[in-house]
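To start, the structure under review is shown below, and the notes come after it.
A, B, ... follow the sequence lines: proteins, then strands. Residue 1 opens every chain.
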Amino acid sequence: MPELPEVETVRRGLAARMEGRRIAQVEQRRGDLRWPLPPHFDMRVAGRVVDRIDRRAKYLLFRLDDGQTLIGHLGMSGRMYLAAPGTAPSAGAHDHLRFHTDEGWVITFHDARRFGMMDLWPTERLDEHRLLKDLGPEPLSNAFNGPALSEALAGRQTPIKAALLDQKVVAGLGNIYVSEALFHAGISPKRQAASVAGARALRLAPAIKQVLERAIAAGGSTLRDYVQASGELGYFQHQFAVYDREGQPCPDCACRRGIKRLVQSGRSTFYCPKRQT
DNA sequence: ACGAGAACCTGTTTGC
DNA sequence: TGCAAACAGGTTCTCG
């Protein structure tokens, strides 16, 4: 499910019902996620007020009122379901955690593949957390721009597709939005990252920002299941130019060859060979 | 140090 | 139709 636009959409949905609310109860049904939950996770979270929910890259950051932050990642298949008081179905398979607010809302963390994770960490030392400390700039921040991207790509001997998936270069892109951004910037996914440094990076950085902003505005992309905490679908998949569109015509040049798929570092890439060079 | 591939899991789709 | 292989929105870890 989740790249940056999906995580941001989930964050907004959760914030509406969790910020300023006390977590009255935590049901811990399964603790072996990507890593084991920290000791006494449920007891440490129960009774705390969620002051604010932030996002860093694809991580959700629940700032608790005791100086700890609950760090959460949805992995590949993780979802957060929000249910109004009295409407939550009983916990089912892969519902690993359920948080009950003092108003009776139920937030369910569901993750079939268990690539997701949760941890608790002191808020004031958050940037020292091993999963957060090496993350690159937020793509929608002012710190991320053409010159900064150019510098990050300089000298890298790997295809630009792989470089953009590296969260140290820019934090929050995943397999969908890398393909989409490269299409809009007219850059081949096979091009060496080092050769994108310079003029091409000046095109690519705004393309990344724009595709992410448009995706957030559409509530993210729903490929196989719900995205938003409310259960609503995302709609950006209808605006994909290339992702999962192998064989279909390029929306820009309408060339006969159509969108091509290739596999790079084990993952599908979609692109238009005519428009992207 | 860097980059490619394996590994972690389960569910769904595809192909013979 | 049935079964096995391939594939899925991520990221760390290992190895060369």
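- Between the NE2 atom of A/His129 and the C1' atom of C/dT11 there is a distance of 14 Å, rounded to whole Å.
- In this pair, A/Phe115 does not lay its aromatic ring on the base of C/dT11; centres under 5.5 Å and planes under 30 degrees do not both hold.
- At a threshold of 4.0 Å, the pair A/Arg12-A/Glu8 counts as salt-bridged, since one of the basic side-chain nitrogens sits closer than that to a carboxylate oxygen.
- In the set B/dA4, C/dA8, C/dT12, the nucleotide with an atom closest to the side chain of A/Tyr243 is C/dA8.
- Of the C1' atoms belonging to B/dG11 and C/dT12, the separation is 23 Å, rounded to the nearest Å.
- Distance noted for atom P between C/dT14 and B/dC9: 15 Å (whole Å).
- Put simply, A/His73 has no side-chain N or O that comes within less than 4.0 Å of OP1 or OP2 on C/dG10.
- Side-chain proximity of A/Arg114 to the nucleotides B/dA4, B/dC9, C/dG9 is greatest for B/dC9.
- The interatomic distance linking A/Trp35 (CH2) with C/dT11 (C1') rounds to 7 Å, in whole Å.
- Contact annotation: A/Arg267 side-chain N/O to B/dG5 OP1/OP2 distance is not under 4.0 Å.
- Candidate nucleotides B/dG3, C/dA8, C/dT12 were compared by shortest atom distance to the side chain of A/Ser268, and C/dA8 ranks first.
- Distances shorter than 4.0 Å separate some side-chain N or O of A/Thr158 from OP1 or OP2 on B/dA4.
- Note: CD1 (A/Ile176) to C1' (C/dA8) measures 10 Å, nearest angstrom.
- At a threshold of 4.0 angstrom between heavy atoms, the contacts of A/Gly174 are confined to the sugar-phosphate backbone, with no base atom among them.
- Close to C/dT11, at under 4.0 Å from its OP1 or OP2, lies a side-chain N or O of A/Lys58.
- Other residues, nucleotides and ligands contribute more than 12 heavy atoms inside 6.0 Å of the CD atom of A/Glu246.
- Put simply, CD on A/Gln264 is 13 Å from P on C/dA8, counting in whole angstrom units.
- A/Val211 pairs with exactly one of A/Phe240, A/Phe236, A/Phe183 by the side-chain contact (heavy atoms from CB on, under 4.5 Å) rule, that one being A/Phe236.
- Checked for salt-bridge contact, A/Lys168 and A/Asp134 miss the test: no charged N lies under 4.0 Å from a carboxylate O.
- Between A/Glu3 and A/Lys58, none of the side-chain N atoms (NZ, or NE/NH1/NH2) sits under 4.0 Å from a carboxylate O, so this pair counts as no salt bridge.
- Contact annotation for A/Arg156: backbone-only contact, meaning every heavy-atom pair under 4.0 Å involves sugar-phosphate atoms and none involves a base.
- Taking atom CG of residue A/Leu165 and atom C1' of nucleotide B/dG3, one finds them 14 Å apart after rounding to whole Å.
- Listed candidates were B/dG11, C/dA8, C/dT11. Nearest to the side chain of A/Met76 is C/dA8.
- A salt bridge is defined here as a Lys NZ or Arg NE, NH1 or NH2 lying under 4.0 Å from an Asp or Glu carboxylate O, and A/Arg55 with A/Glu138 meets this definition.
- Residue A/Gln167 places no side-chain N or O under 4.0 Å from the OP1 or OP2 atom of C/dG10.
- In this entry B/dC9 has no Watson-Crick or G-U wobble partner, no candidate having both defining distances under 3.5 Å.
- Of the candidate nucleotides C/dA8, C/dG10, C/dT12, C/dT12 has the atom lying nearest to any side-chain atom of A/Arg130.
- Among the atoms of the strands shown, only primed sugar atoms or phosphate atoms (P, OP1, OP2) are found under 4.0 Å from some heavy atom of A/Leu131.
- For DNA chain B, none of the residues of residues 204-216 of chain A falls under the heavy-atom distance limit of 4.0 Å.
- When the P atom is used for both B/dA6 and C/dA6, the distance is 13 Å, rounded to whole Å.
- Residues A/Asp32 and A/Arg30 are paired through a salt bridge, judged by an N-O separation under 4.0 Å between the basic side chain and the carboxylate.
- For the pair A/Ile71 CD1 and C/dT11 P, the interatomic distance rounds to 14 Å; values are reported in whole Å.
- Contact between the side-chain N/O atoms of A/His94 and the OP1/OP2 oxygens of B/dC9 is not found at any separation under 4.0 Å.
- When each of C/dC7, C/dG9, C/dT12 is scored by its nearest atom to the side-chain atoms of A/Ser221, the top-ranked nucleotide is C/dG9.
- For the pair A/Arg130 and A/Trp35, the distance from NZ or CZ to the six-membered ring centre is under 6.0 Å and the angle to the ring normal is within 45 degrees.
- Neither side chain, A/His96 nor A/Asp111, offers a donor N or O lying under 3.5 Å from an acceptor on the other.
- Side chain A/Arg113 to base C/dA8: a donor-acceptor pair is found below 3.5 Å.
- Atom CD of A/Glu246 is separated from atom P of C/dA6 by 16 Å (rounded to the nearest Å).
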